[in-house]
Undergrad: 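Provided herewith is a single structure, encoded as structure tokens, for subsequent inquiry.
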Amino acid sequence: MSEAAIIDGKAFAARLRQTIAAEVAALKAEHGLTPGLAVVLVGEDPASQVYVRSKGEQTLEAGMHSETHRLPAETSQAELLALVERLNSDPAVHGVLVQFPVPDHISQAAVVAAISPDKDVDGLTVANAGRLASGLPALTPCTPTGCMMLLRDQLGELSGKRAVVIGRSNLMGKPMAQLLLAADCTVTIAHSRTKDLPAVVREADIVVAAVGRAQMVKADWVKPGAVVIDVGINRIPKDDGKTRLVGDVAFDEVKEVASAITPVPGGVGPMTIACLLANTVLAAKRLNGIGE
Ligand code: NAP
């Protein structure tokens, strides 16, 4: 069997951002509408600071309105919820995103519940999760949405495929499974209590690994010709004492078996912010009664 195609998420995301920028320009010209994204960061977590900066930069590059609210770590939950309320009713803002994790004294669930479902561009509210599960128009979480785009690009029609999603988080595994189901795949959700995980994964035409365990999925877990989407981001030590990023899939061996595979980095990761921009444009159109 020939080696797998390497799915270039970085290039796909760059093309998607161009398409979004063109749509934003058209919305401005035809409707006087500038989609706007507000990102809220509480505290000084270094990884979150990098993500928030990238989100702001890419929002501006797409021609959209961007605002970043940086709050000190000691901000109370009530103060944070009051800001979210303000953003919910600000007509210049169509997407509201609170960067997680928030400090321990703030309830993540309370923050998610405070975000207007119409501006919930992370797709995390119960309303959007329920809409997705019920087959209604929803704002869907960015990373699974990006995985679906890569899969459709690779496979075209997904109907009837056997898909195994490893991981069942609200952010990743569950919405991924719902999106695959909505695309008429036959879906299995695996997790830490799944018995004989390798045998379950071997049934799949599509494998999505969203676990957070470095290089867990091995070549002999994968059906020859399967498409493998690796969501995991894990840091492992190198011989020189530095670290490198790897996914949840043992890339070097699995690429010998799969028909296509996403690398880490450069696969799923770049799709997340591009899909955040796409969700913000979608929210702006829906809030202004503009057809999709
Ligand atoms: P999470 O909330 O920690 O969920 C991990 C899931 O993996 C859980 O459902 C857990 O099962 C399951 N799991 C743990 N050990 C397992 C095992 N040995 N066998 C089978 N399943 C196992 O993580 P997450 O937020 O979904 O993220 C998953 C990974 O994706 C992380 O590496 C994260 O960094 C990455 N990620 C990347 C992006 C991106 O590229 N932009 C976005 C989101 C997440 P239980 O439910 O039974 O505990």
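Computed over heavy atoms, backbone and side chain alike; hydrogens, waters and symmetry mates excluded. Whatever order the structure lists them in is the order used to number ligands and atoms, beginning at 1. Everything quoted here is computed from the prediction, not taken from an experiment.
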Undergrad: Could you pull out, from Asp248, Val211, Ile166, Ile273, the option with a heavy atom nearest to atom 13 (N) of ligand 1?
TA: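 Checking each option, the heavy atom nearest atom 13 (N) of ligand 1 is found in Val211.
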
Undergrad: Sub-3.5 Å donor-acceptor pair from the side chain of Gln99 to the main-chain atoms of Leu41, do we have one?
TA: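 Looks like no, no N/O pair under 3.5 Å.
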
Undergrad: Return the closest protein heavy atom for atom 47 (O) of ligand 1 as residue, atom name and distance.
TA: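 That would be Ser192 OG, 2.5 Å.
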
Undergrad: Return the residue, atom name and 0.1 Å-rounded distance of the protein heavy atom closest to atom 8 (C) of ligand 1.
TA: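 Answer for atom 8 (C) of ligand 1: Arg168 N, 4.0 Å.
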
Undergrad: Is ligand 1 less than 4.0 angstrom away from at least one heavy atom of Gly269?
TA: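 A heavy atom of Gly269 does come that close to ligand 1.
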
Undergrad: With the threshold set strictly below 4.0 angstrom, can you tell me whether any protein non-hydrogen atom sits that near atom 27 (O) of ligand 1?
TA: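 No, there is no protein heavy atom closer to it than 4.0 Å.
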
Undergrad: So which atom in Asn128 and which in Pro117 form the shortest heavy-atom distance, rounded to 0.1 Å?
TA: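 Nearest heavy atoms, Asn128 then Pro117: ND2-O, 3.0 Å.
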
Undergrad: Out of Val231, Val208, Leu171, whose heavy atom is nearest to atom 36 (N) of ligand 1?
TA: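 Ranked by closest heavy atom to atom 36 (N) of ligand 1, first place is Val231.
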
Undergrad: Establish whether Val201 and Met172 are linked, either directly or via other cluster members, by ILVMFWY side-chain heavy-atom contacts under 4.5 Å.
TA: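 Val201 does not cluster with Met172.
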
Undergrad: Does some non-hydrogen atom of Thr194 fall short of 4.0 Å from ligand 1?
TA: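 No, Thr194 has no heavy atom closer than 4.0 Å to ligand 1.
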
Undergrad: Which residue holds the protein heavy atom closest to atom 42 (C) of ligand 1, what is that atom called, and what is the gap in Å?
TA: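 For atom 42 (C) of ligand 1, the nearest protein heavy atom is Thr143 OG1, 3.3 Å.
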
Undergrad: Would you say ligand 1 has an N or O under 3.5 Å from any N or O of Arg193?
TA: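 Checking ligand 1 against Arg193, no N or O pair falls under 3.5 Å apart.
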
Undergrad: Using the rule that Ile, Leu, Val, Met, Phe, Trp and Tyr join whenever any side-chain heavy atoms are under 4.5 Å apart, tell me whether Ile20 and Leu282 fall into a single cluster.
TA: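 Different clusters.
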
Undergrad: For atom 29 (C) of ligand 1, what is the closest protein heavy atom, and at what distance to 0.1 Å?
TA: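 Checking every protein heavy atom, the shortest distance to atom 29 (C) of ligand 1 gives Gly212 N, 3.7 Å.
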
Undergrad: Would you mind listing which atoms of ligand 1 come within a distance below 4.0 Å of any non-hydrogen atom of Leu197?
TA: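 Those atoms are 19 (N), 20 (C).
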
Undergrad: Give me the residue, atom name and distance of the protein heavy atom closest to atom 21 (N) of ligand 1.
TA: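 Residue, atom and distance for the closest contact: His191 C, 3.2 Å.
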
Undergrad: Val165 and Ile7: same hydrophobic cluster, using ILVMFWY side-chain contacts below 4.5 Å?
TA: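 Yes; Ile7 is reachable from Val165 via cluster members.
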
Undergrad: Please list, in number order, the atoms of ligand 1 under 4.0 Å from a heavy atom of Ser169.
TA: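 Every atom of ligand 1 under 4.0 Å from some heavy atom of Ser169: 2 (O), 4 (O), 9 (O), 24 (P), 25 (O), 26 (O).
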
Undergrad: Under the side-chain contact (heavy atoms from CB on, under 4.5 Å) rule, what do Thr19 and Glu23 come out as? Steps first, then yes or no, please.
TA: CA-CA 6 Å; Thr19 309; Glu23 191 174 4; 5.7 Å; no

Undergrad: Out of curiosity, is Ala190 lining ligand 1, as in a heavy atom under 4.0 Å away?
TA: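 Ala190 does not count as a contact of ligand 1 under the 4.0 Å cut-off.
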
Undergrad: In terms of residue, atom name and distance, what is the protein heavy atom nearest to atom 15 (N) of ligand 1?
TA: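 Minimum-distance protein heavy atom for atom 15 (N) of ligand 1 reads Arg213 NE, 3.1 Å.
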
Undergrad: I need the contact type for Thr272 against ligand 1. Using non-hydrogen atoms and a strict under-4.0 Å cut-off, is it side chain, backbone, both or neither?
TA: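 It is the side chain that gets close, since no backbone atom is under 4.0 Å.
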
Undergrad: Side-chain contact test, heavy atoms from C-beta onward, threshold under 4.5 Å: evaluate it for Asp230 versus Ile261 and give yes or no.
TA: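 Heavy-atom side-chain distance check fails, nothing below 4.5 Å.
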
Undergrad: Just jot down the ligand 1 atoms closer than 4.0 angstrom to any heavy atom of Gly167, in number order.
TA: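 Answer for ligand 1: 6 (C), 7 (O), 9 (O).
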
Undergrad: Taking 4.0 angstrom as the limit and counting only heavy atoms of Met172, give me the atoms of ligand 1 inside it, by number and element.
TA: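 Near Met172, the atoms of ligand 1 are 26 (O).
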
Undergrad: Between Asn234 and Gly247 (side chain of the first, backbone of the second, donor and acceptor by atom type, cut-off under 3.5 Å), is there such a pair?
TA: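 Yes: the side chain of Asn234 pairs with the backbone of Gly247.
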
Undergrad: Looking at Ser134 and Leu136, would you say the former's side chain and the latter's main chain have a donor-acceptor pair under 3.5 Å?
TA: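 Between the backbone of Leu136 and the side chain of Ser134 there is no qualifying donor-acceptor contact (under 3.5 Å).
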
Undergrad: Counting N and O atoms only, with roles assigned by atom type, does the side chain of Glu203 sit under 3.5 Å from a partner on the main chain of Arg162, one being a donor and the other an acceptor?
TA: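 Checked: no pair found.
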
Undergrad: Please examine the side chains of Ile206 and Leu155, heavy atoms only from C-beta on, and report whether any two atoms are closer than 4.5 Å.
TA: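 In short, these two side chains touch, coming nearer than 4.5 Å.
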
Undergrad: Work out which heavy atom in Pro35 is nearest to a heavy atom in Ala284; give both atom names and the distance.
TA: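 Shortest heavy-atom contact: CB-CB, 3.9 Å.
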
Undergrad: Tell me which protein heavy atom sits closest to atom 33 (C) of ligand 1, plus the residue, atom name and distance to 0.1 Å.
TA: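 Checking every protein heavy atom, the shortest distance to atom 33 (C) of ligand 1 gives Ile233 N, 4.3 Å.
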
